[in-house]
Amino acid sequence: DQDVTTFMGVKQYNNLSFSGEKECYKVYKYIFGANHGQFNTMWETDFSGIRKFILNQATILERETQRQILLGYVTAFLEDTLQGKQEYRTLLLEDNTEDESMPQTLYITAYEDSSFQPIATYEEDMELDTLTCEEGNVDIYGMSYWKEIEVPFYGYHSYADTDNHAVYLNWKNRTDASYSYQIPKSVFERGNVFTFSVMDYDVDGVKSGEHVPLDFSIEFQDEEGNCALVRLGDYSKIAPPLPVRLYKLEVLTSKLNYKMNFQTVRIPYSEIKEQNPKLQMDRIVKVEFRFDQVERGTILIDQVGVATQK
């Protein structure tokens, strides 16, 4: 809304780290159409007077719908953290866009817990060929452009940053581009889930009408040369840049702002191994993102690593 025009909570999420001394987790939910003023029963809008009437409320979820969403997530969080009912964590972990038990809108989820062991977080330096894990390096093929960037807020406060860095990848008119990590085999010994976060960054494609839903493959290779391939689309549907008109007058000016956020993807080792039973998951030495499903794309990738899922 007018008071909070970007997903400001993501900065707190990015600045929260774990000591490793006990089991903890952090999670955010970006809910398309929700706003900070209507999760409570006191406010009608975030401003009164003339500013109340210039806000474009047609795209905002009904107050009761927003409260129903809040009730579901707060209940799940408290049941998990206070009552030890970890089955409730599923509601927090998963993309709830197609969950019939939740109000229908678009949900984007980022999640990380204290078991996370990083391959690449892009916070250690601005060198393109280094990784967070020791003795690792990067290979790139077929990219039109790639760099490490400081991730800004998107929307009306795009001048500010989120205290986070990620790798920016852009490819055009090809399905053989790739971005891969060469890693020590000890990394995959520390978990049972491969995890990363991805953001569809193709605003130009949305504006031009050339955008296609994001999908790509991930290949895992062990030290013996055995490989297995899985598809992103089997685990998550990544939201495109979301067009937003905050003010009614923007309808007249045709102005749009675009909201983008990271979606966390978690792939269990067991499901990777199903693609090739010979693959030794505790001896993985290469992970490759293969952009073989769509001919163009612009994305950000972050928080690549392994974790333990109970």
Side-chain angles (χ1 to χ4, degrees), residues 3-32 34-36 39 73-74 77 80-81 89 92-96 106-128 130-133 136 138 146-169 179 181 191 193-201 203 214 236 238-239 241-242 244 257-266 289 298-308:
D3 190 14
V4 180
T5 61
T6 59
F7 187 17
M8 296 177 71
V10 73
K11 194 164 188 173
Q12 181 179 0
Y13 177 92
N14 291 334
N15 279 294
L16 194 156
S17 59
F18 303 111
S19 67
E21 296 177 359
K22 58 181 179 180
E23 181 183 350
C24 300
Y25 68 84
K26 59 180 181 178
V27 59
Y28 74 58
K29 291 281 185 179
Y30 177 83
I31 305 160
F32 189 61
N35 68 324
H36 87 294
F39 279 103
Y73 285 141
V74 170
F77 178 74
D80 179 20
T81 57
R89 197 176 304 182
L92 300 174
L93 275 171
E94 294 184 348
D95 172 11
N96 307 114
L106 178 66
Y107 300 85
I108 300 175
T109 305
Y111 173 91
E112 187 177 304
D113 62 38
S114 51
S115 72
F116 177 71
Q117 300 293 322
I119 294 173
T121 64
Y122 304 101
E123 301 299 330
E124 66 281 346
D125 57 43
M126 293 299 287
E127 298 293 331
L128 293 176
T130 60
L131 297 177
T132 309
C133 67
V138 170
W146 68 299
K147 60 182 177 178
E148 291 185 16
I149 69 168
E150 189 171 37
V151 182
F153 284 108
Y154 298 103
Y156 293 82
H157 289 166
S158 58
Y159 58 84
D161 69 84
T162 61
D163 287 348
N164 187 34
H165 295 80
V167 65
Y168 170 106
L169 303 173
Y179 179 77
Y181 306 106
V193 173
F194 175 70
T195 179
F196 64 96
S197 293
V198 59
M199 179 192 300
D200 188 335
Y201 206 69
V203 173
L214 181 64
S236 184
I238 306 303
L242 302 170
V244 173
N257 278 270
Y258 292 87
K259 302 299 182 82
M260 296 167 283
N261 290 286
F262 281 105
Q263 171 75 39
T264 298
V265 181
R266 293 167 63 87
F289 293 105
T298 304
I299 65 173
L300 302 184
I301 290 179
D302 195 16
Q303 298 305 109
V304 182
V306 302
T308 301

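Every heavy atom of this structure was used, including side-chain atoms; hydrogens, water molecules and symmetry mates were not.
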Does the side chain to side chain contact (heavy atoms under 4.5 Å, CB included) test come out yes or no for Y28 and N261, once each step is laid out? CA-CA 10 Å; Y28 74 58; N261 290 286; 4.0 Å; yes
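- Summarising the geometry of S197 relative to T264, their closest heavy-atom pair is OG-OG1, 3.0 Å, with the distance given to 0.1 Å.
- Between A166 and L300, the closest heavy-atom pair is CB-CB, 4.3 Å.
- In this structure, OG1 in T109 is found 5.5 Å from OH in Y73, a value given to the nearest 0.5 Å.
- When the shell of 6.0 Å around CZ of F39 is examined, it contains more than 12 heavy atoms from other residues, nucleotides or ligands.
- A donor-acceptor contact shorter than 3.5 Å links the side chain of K29 to the backbone of L92.
- A side-chain donor-acceptor contact under 3.5 Å links Y25 and D80.
- To the nearest 0.5 angstrom, H165 atom NE2 is 8.5 Å from E148 atom CD.
- In the displayed structure, Q12 atom CD is contacted under 6.0 Å by at most 12 heavy atoms of other residues, nucleotides or ligands.
- Formation of a donor-acceptor pair under 3.5 Å by the Y13 side chain with backbone atoms of Y111 is found in this model.
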List the atom pairs, with distances to 0.1 Å, where a side-chain N or O of residues 14-21 and a protein N or O form a donor-acceptor pair under 3.5 Å, not counting sequence neighbours.
from: N14; atom 1: ND2; to: V10; atom 2: O; distance (Å): 3.2
from: N14; atom 1: ND2; to: T162; atom 2: O; distance (Å): 2.9
from: N15; atom 1: ND2; to: K11; atom 2: O; distance (Å): 2.9
from: N15; atom 1: ND2; to: D163; atom 2: OD2; distance (Å): 2.9
from: S19; atom 1: OG; to: E21; atom 2: N; distance (Å): 3.2

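- Listed by first and then second residue, the salt bridge (charged side-chain N to carboxylate O under 4.0 Å, His left out) pairs that reach into residues 107-123 come to none, sequence neighbours excluded.
- No option in F262, Y168, W146, Y258 other than Y168 meets the ring pair (Phe, Tyr, Trp, His ring centres under 6.0 Å) test with Y201.
- Residue Y30 holds its OH atom at 6.0 Å from CG of L242, rounded to the nearest 0.5 Å.
- In this structure, the separation between CG on D200 and OG1 on T298 is 8.0 Å, given to the nearest 0.5 Å.
- Residue C133 comes nearest to P118 through the heavy atom pair CB-O, 3.6 Å, listed as atom of the first residue, atom of the second, then distance.
- Across every non-hydrogen atom of I301 and Y122, the tightest pair is O-CE1, 3.5 Å.
- Pairing each heavy atom of K147 with each of I149, the nearest pair is CE-CG2, 3.4 Å.
- Between V138 and T130, the shortest heavy-atom contact is CG2-O, 4.3 Å.
- Of the inter-residue distances, the one linking I299 atom CD1 with M199 atom CE reads 11.0 Å to the nearest 0.5 angstrom.
- A distance below 6.0 Å separates the ring centres of F194 and F196.
- With hydrogens and angles disregarded, a donor-acceptor distance shorter than 3.5 Å links the side chain of S114 to the backbone of C24.
- The closest side-chain heavy-atom distance from R89 to V27 is not below 4.5 Å.
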